[in-house]
Structures are given as structure tokens and as C-alpha cells.
Amino acid sequence: MVSLSLAVPARTEILGLYRSLLRTAHDFCDYNIREYTKRRTTDGFRQNQNLTNLDSIFSAYQEGKNQLALAKRQSVVYSLYAPKVKSVMELDAANAITTNTSN
């Protein structure tokens, strides 16, 4: 068992990690990967929002930091092989925006 109660992250650090994960999700060029990363981030934080044990909070925070590092590496790799055309979902969203602004 990890006994690092002194190293338990503050609320601002946890929220900063959440924001960093969402920002990194926006770096993905592919719609499906971007949406999966955002959904996985929110689901993971909701799952762990009621943790009270300091050791489990610390381990969840460390896991989040590991996931952030992984997502940053993957976004670089995915940017090297970005698709040439947009996803159908991105095209539908762009058409909806132009249709709403022209009315």
C-alpha cells in the first residue's frame, strides 16, 4: 500500500489534470479518437469523484497523469498520419453551422 498522504494532489491539481486531458483530446485530428478521448476522460473522472481514501486518490491521480502522457504521445503520432478528408460527423457539424448562420 502506498503511504504518501503528503503527496495527495490538491483539488486545483486534479482539475488541472482534467483540463489538460480535455485539451489534449482536442489535439487529435480524427473525430472518433478525439471524441473517445473526451468521453474516456469525463467517464474516468466521474468514476473517481467519490474517492475518499488518500491512497486511492493518489493512485487515481498518478494513473491520470500516465494517461495524459500517453494521450500526448498518441496525438503526435496521429498528427503524423492525419486523414486527408474530414469525418462525416465533422462535415455534418460544419454544414449545420453554415446553415444556421445563413438563416
Side-chain angles (χ1 to χ4, degrees):
M1 188 124 296
V2 178
S3 177
L4 296 173
S5 59
L6 296 176
V8 173
R11 178 179 167 84
T12 55
E13 291 175 307
I14 294 171
L15 291 175
L17 176 63
Y18 179 72
R19 286 190 296 270
S20 294
L21 281 163
L22 290 179
R23 264 188 246 112
T24 302
H26 287 288
D27 292 342
F28 285 100
C29 301
D30 186 272
Y31 173 82
N32 293 319
I33 303 297
R34 185 172 52 245
E35 291 301 312
Y36 170 77
T37 306
K38 289 191 305 191
R39 187 174 58 249
R40 179 65 188 101
T41 298
T42 55
D43 289 348
F45 274 81
R46 282 187 185 137
Q47 178 183 357
N48 293 325
Q49 74 181 357
N50 295 323
L51 292 178
T52 55
N53 183 356
L54 296 179
D55 291 337
S56 55
I57 292 171
F58 178 76
S59 70
Y61 181 74
Q62 285 304 111
E63 178 64 25
K65 287 183 69 104
N66 292 340
Q67 291 297 320
L68 176 61
L70 175 85
K72 285 182 177 181
R73 287 192 307 270
Q74 285 301 112
S75 70
V76 170
V77 171
Y78 274 97
S79 70
L80 296 173
Y81 302 101
K84 304 280 188 259
V85 294
K86 289 190 174 200
S87 165
V88 173
M89 297 299 291
E90 291 171 314
L91 293 175
D92 286 344
N95 288 338
I97 291 171
T98 57
T99 303
N100 288 338
T101 58
S102 65
N103 286 339

List for me each residue that meets side chain to side chain contact (heavy atoms under 4.5 Å, CB included) alongside Ala71, sequence neighbours excluded, and say none if there are none. Thr24
Once rounded to the nearest 0.5 Å, what's the spacing between atom CD1 of Ile57 and atom CG of Asn48? 9.5 Å
Quick check: is Tyr61 connected to Leu22 through a chain of hydrophobic side chains (ILVMFWY, heavy atoms under 4.5 Å apart)? yes
Pairwise salt bridge (charged side-chain N to carboxylate O under 4.0 Å, His left out) hits with a residue in residues 32-42, at least two apart: Arg34-Glu90, Glu35-Lys38
By side chain to side chain contact (heavy atoms under 4.5 Å, CB included), Tyr78 pairs with (sequence neighbours left out) Phe28, Ile33, Gln74
Quick test of your reading: applying salt bridge (charged side-chain N to carboxylate O under 4.0 Å, His left out), list the pairs with at least one residue in residues 14-28, sequence neighbours left out, ordered by first then second residue. none
Look up atom CG in Asp30 and atom OG in Ser79, then write down how far apart they are to the nearest 0.5 Å. 12.0 Å
Roughly how far apart are Ile14 CD1 and Lys65 NZ, rounded to 0.5 Å? 11.5 Å
Partner residues of Lys72 under the salt bridge (charged side-chain N to carboxylate O under 4.0 Å, His left out) criterion, sequence neighbours left out: none
Can you name the nearest heavy-atom pair linking Leu51 to Ala60, along with the distance? CD1-CB, 3.9 Å
Residues which pass salt bridge (charged side-chain N to carboxylate O under 4.0 Å, His left out) with Glu63, listed by chain and number, not counting sequence neighbours: none
Co-membership, hydrophobic cluster, residues Phe45 and Leu15, 4.5 Å side-chain: no
